[in-house]
Amino acid sequence: MIPKHWQGAIDVIKSIENAGFEAFIVGGAVRDYYLNKKNHDVDIATSALPEEIQAIFPQTIDVGIEHGTVLVMHKGEPIEVTTYRTESTYSDHRRPDAVHFVRNLAEDLKRRDFTMNAMALSQTGEYIDLYEGRKHIDEQLICAVGIAAERFGEDALRMLRAVRFAAQLNFTIEAETFAAIGHQATSIELIAMERIQVELSKIFTASHVAQGIHYLETSGLAAYLPGQFDATAWQDFNSDNRQVGWAYFCLVNEDATLLTNYRCSNKDKQFTKLVLEAYDCLIRGVKRIDLLRFDLDVLQTAYQITKLRKQEVTITWQEVQQRKQALPIQSAKELAITGQDVMMWSAKKRGPWIKETLEAAVSAVVNGEVANDKQQLKDWFHATIDEG
């Protein structure tokens with residue numbers, strides 16, 4: 001039974017077929033359909049050329065027309081349609097030197113990475129499975145299409161994708177496929193770090209992350225990636241948040257600069273920096289001012305990591321939440337005074353002392369030394385800061 005949320009794709013396929021061409025659902029959507037997993041990212045492969053697709057549908061968007069891909073807008077929903085194609089040599093081990101459009105589905109499927117991703121599905125629910133994809137799924141095996149060495153020679157990132165699928169599905173990498181990864185592991189260095197980061201993010205958030213880390217170690221891929229990969233450290237790790245995964249990776253390695261190596265965003269770096277600081281605070285003994293500094297998501301991540309690392313913490317997570325919620329302010333931005341106020345209350349010239357004063361005021365409010373009230377803070381300022 002084709003899922004109802006695929007109806008847009010089915011409508012597009014019918015329109016293509018009515019125009020005299022072939023069209024099938026392909027790729028990961030077919031794999032997940034066979035596995036009874038939800039997948040809303042449905043791609044269509046067709047014998048129609050890009051310009052023929054544009055002639056069939058009133059509204060299309062060119063998103064990769066040189067590679068045969070056109071977005072068909074169907075009732076406001078974008079449906080990706082790609083012409084059957086073959087690819088030439090991959091001189092850089094990353095992308096084909098040339099793409100050639102063909103009219104034959106079999107030619108298109110044989111260029112794909114793994115057998116479970118090389119299946120097609122008709123709009124009536126019939127499988128086109130030329131490489132025993134369903135058999136390998138039933139056997140929980142990740143097998144390269146054709147000769148594994150050739151597939152990895154075309155795109156070295158496929159080696160990391162094999163590991164990622166093993167982590168997500170708890171599958172085993174088939175022996176010849178795994179051996180080919182070992183022989184070609186060094187070529188992962190040819191891949192842009194941004195692409196590697198995406199795959200590692202998916203491994204870190206996979207249901208069987210330790211399985212993936214184990215394959216990184218045993219395949220030899222880990223030797224060519226920044227940082228240390230130790231499956232034992234990931235045995236109990238479980239998160240669907242990629243930032244949490246990267247923070248844990250940095251903590252295990254005791255090296256936050258790895259985020260720069262992997263071209264992670266500044267947002268990722270800031271989150272990891274705060275998590276590592278909160279982790280240290282929890283182990284050292286968290287103070288009221290620490291609870292103010294960190295958001296709950298940062299504190300929760302740090303707390304979970306203390307448990308994973310079997311660190312002794314003298315406070316429960318429930319107590320962390322209760323104490324944070326009981327603070328008189330939840331953010332330094334809630335302080336009842338500003339830098340302009342303290343400037344007016346003092347004869348000093350503008351300088352670093354303003355920031356230091358506001359930080360001291362926040363600390364005094366959080367620790368219950370003064371209420372978060374402008375007049376009381378003014379009195380506190382004159383008694384403790386302005387008069388020394």
Side-chain angles (χ1 to χ4, degrees), residues 160 163-164 166-168 170 193 196-327:
L160 208 52
V163 172
R164 186 249 291 183
Q168 290 177 325
N170 198 25
M193 274 297 175
I196 291 174
Q197 180 223 116
V198 170
E199 293 301 323
L200 286 179
S201 294
K202 292 176 181 178
I203 292 171
F204 293 160
T205 55
S207 300
H208 306 276
V209 56
Q211 164 95 323
I213 302 297
H214 170 74
Y215 269 128
L216 288 178
E217 290 181 277
T218 55
S219 68
L221 284 170
Y224 302 99
L225 297 173
Q228 298 297 315
F229 295 84
D230 177 7
T232 58
W234 293 81
Q235 286 296 332
D236 299 316
F237 182 86
N238 191 315
S239 176
D240 59 4
N241 185 324
R242 54 173 297 284
Q243 284 189 326
V244 174
W246 281 103
Y248 185 65
F249 179 60
C250 289
L251 193 140
V252 168
N253 278 272
E254 299 181 354
D255 184 3
T257 65
L258 287 167
L259 295 184
T260 298
N261 295 131
Y262 284 104
R263 308 289 193 272
C264 292
S265 68
N266 288 334
K267 187 176 179 180
D268 292 339
K269 293 175 184 176
Q270 179 64 12
F271 180 80
T272 292
K273 176 178 178 290
L274 291 172
V275 167
L276 297 188
E277 289 175 359
Y279 175 83
D280 288 338
C281 288
L282 286 167
I283 294 171
R284 187 176 64 241
V286 67
K287 299 177 181 177
R288 290 166 66 91
I289 194 66
D290 297 325
L291 296 174
L292 180 78
R293 284 178 58 210
F294 305 117
D295 291 338
L296 271 176
D297 62 335
V298 169
L299 286 165
Q300 185 173 26
T301 300
Y303 195 88
Q304 289 171 341
I305 293 175
T306 64
K307 296 307 176 186
L308 283 171
R309 305 294 288 170
K310 294 181 171 54
Q311 294 286 347
E312 191 70 34
V313 179
T314 59
I315 185 173
T316 67
W317 171 239
Q318 185 178 13
E319 288 172 332
V320 170
Q321 296 177 85
Q322 290 172 345
R323 291 184 189 182
K324 181 170 177 61
Q325 290 166 358
L327 294 175

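Side-chain atoms are counted along with the backbone in the values below, which use heavy atoms only and exclude waters and symmetry mates. Numbering starts at 1 and runs along the sequence shown.
- Every residue two or more places apart in sequence or in another chain was checked for a side-chain hydrogen bond (donor to acceptor under 3.5 Å, both in side chains) with Y215, and none qualifies.
- Take N170 and apply the side chain to side chain contact (heavy atoms under 4.5 Å, CB included) test, not counting sequence neighbours, and it matches H208, Q211.
- With sequence neighbours excluded, no residue forms a side-chain hydrogen bond (donor to acceptor under 3.5 Å, both in side chains) with Q304.
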Do any side-chain atoms of residues 257-264 form donor-acceptor pairs under 3.5 angstrom with protein atoms, and if so which ones, sequence neighbours left out?
unit_1	atom_1	unit_2	atom_2	d
T257	OG1	D255	OD1	2.4
T257	OG1	D255	OD2	3.3
T260	OG1	K269	NZ	3.4
Y262	OH	P226	O	2.6
R263	NH1	N261	O	3.2

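- For residues 202-218, there are no salt bridge (Lys or Arg N to Asp or Glu O under 4.0 Å) pairs, not counting sequence neighbours.
- Residue pairs meeting the salt bridge (Lys or Arg N to Asp or Glu O under 4.0 Å) criterion with at least one partner in residues 298-310, sequence neighbours excluded, are absent.
- Not counting sequence neighbours, the partners of W246 by the side-chain hydrogen bond (donor to acceptor under 3.5 Å, both in side chains) test are S201.
- Residue pairs meeting the salt bridge (Lys or Arg N to Asp or Glu O under 4.0 Å) criterion with at least one member in residues 225-248, sequence neighbours excluded: R242-D268.
- Residue E319 qualifies as enclosed at atom CD: its count of foreign heavy atoms under 6.0 Å is above 12.
- Residue pairs meeting the ring-ring contact (aromatic ring centres under 6.0 Å, His included) criterion with at least one member in residues 269-309, sequence neighbours excluded, are Y303-W317.
- Contacts of L276 classified as side chain to side chain contact (heavy atoms under 4.5 Å, CB included), with partners at least two apart in sequence or in another chain: L251, A256, T272.
- The side-chain hydrogen bond (donor to acceptor under 3.5 Å, both in side chains) analysis of residues 280-297, with sequence neighbours excluded, yields the pairs E277-R293.
- Q300 pairs by the side-chain hydrogen bond (donor to acceptor under 3.5 Å, both in side chains) definition with nothing, not counting sequence neighbours.
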